Amino acid sequence: MSSDGAVDYDELLSRLKVLAAALDRLPRGVVEAARASFSWKSIDAELAELVYDSVVDEELVGARGGGARQLTFEAPDVTIELEVTPGSGRIIGQLVPPTDADVEIRHPEGSLTVRSDRLGHFRVDGVPPGPISVRCLSGGAAGRAAHTDWVVL
């Protein structure tokens, strides 16, 4: 309030902003949900469905593997084949039919992006254990996109 009794709305608004920033922080879940909403930017991407998981098949036949885990995802235009060696943080993959594409491995802490070669091969190192999802974009920004559902490594 000024000396003549009038309210200085600019100063009041400034003080309220400071108080709100200090006392009314967004809950962590709201921030995470807002970040997750960015996945809607790829809503036109085809969902690649998990059609093979070597861990599930080994359990069904009673075998015990211990080697690399094989995962296969199929979308209408592409098949994504992954090989994951437990504890290595490495994913080796191939796109069928062969195509060069941007391949993004998404995980809770962020993502890792590599480019597949003209034969569709790619390798990603430094993938943390836990849930991942793969997103492929071929043909640039106007190209075809496919993404997998989340799977726990």
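Keep in mind the model is a prediction, meaning the values are calculated, not measured.
Of the inter-residue distances, the one linking D102 atom CG with S138 atom OG reads 9.0 Å to the nearest 0.5 angstrom. Distance CG/L12 to NZ/K17: 11.5 Å, rounded to 0.5 Å. Atom CG of residue D8 and atom OG of residue S14 lie 9.5 Å apart, to the nearest 0.5 angstrom. Here the CD-CG distance, from E46 to D77, works out to 6.5 Å after rounding to the nearest 0.5 Å. E81 contributes atom CD, which lies 9.0 Å from atom CG of L95 (distance to the nearest 0.5 angstrom).
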Could you go through F122 and I92, starting from their C-alpha distance and side-chain angles, then the distance that decides it, and tell me whether this counts as side-chain contact (heavy atoms from CB on, under 4.5 Å)? CA-CA 6 Å; F122 61 92; I92 297 172; over 6 Å; no

Given side-chain contact (heavy atoms from CB on, under 4.5 Å), test F73 with D149 step by step and report yes or no. CA-CA 9 Å; F73 298 88; D149 204 355; 5.6 Å; no

CA sep, side-chain torsions, deciding dist, call: L50, T72, side-chain contact (heavy atoms from CB on, under 4.5 Å): CA-CA 6 Å; L50 179 64; T72 303; 5.9 Å; no

Would H147 and L47 count as a side-chain contact (heavy atoms from CB on, under 4.5 Å) here? Give the steps. CA-CA 5 Å; H147 64 92; L47 179 63; 3.6 Å; yes

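Side chains of E104 and S111: a donor on one and an acceptor on the other come within 3.5 Å. No hydrogens or angles considered: a donor-acceptor pair under 3.5 Å links the side chains of R106 and S133.
Across every non-hydrogen atom of P108 and P131, the tightest pair is CD-O, 3.3 Å. Pairing each heavy atom of L137 with each of R115, the nearest pair is O-NH1, 4.3 Å. For L119 against Q94, the heavy-atom pair with the smallest separation is O-NE2, 3.8 Å.
The main-chain N or O of Q70 is found under 3.5 Å from a side-chain atom of S54 such that the two form a donor-acceptor pair. In this structure a side-chain-to-backbone donor-acceptor pair under 3.5 Å is present from S88 to R90.
By the rule that hydrophobic residues join a cluster once side-chain heavy atoms approach within less than 4.5 Å of another member, Y9 and L16 end up as members of one cluster. Linking Ile, Leu, Val, Met, Phe, Trp and Tyr whenever their side-chain heavy atoms come within less than 4.5 Å puts I105 and V78 in one cluster. Cluster annotation: L153 is connected to I80 through the hydrophobic network of ILVMFWY side chains, with a link wherever side-chain heavy atoms come within less than 4.5 Å.
Looking at L112 and V127, their side chains come closer than 4.5 Å, going by heavy atoms from C-beta outward. Counting heavy atoms from C-beta on, the side chains of T113 and V124 never come closer than 4.5 Å. Looking at heavy atoms from C-beta onward, R69 lies out of side-chain contact with P86 at the 4.5 angstrom threshold.
Using a 4.0 Å cut-off between charged side-chain N and carboxylate O, R118 and D100 make no salt bridge.
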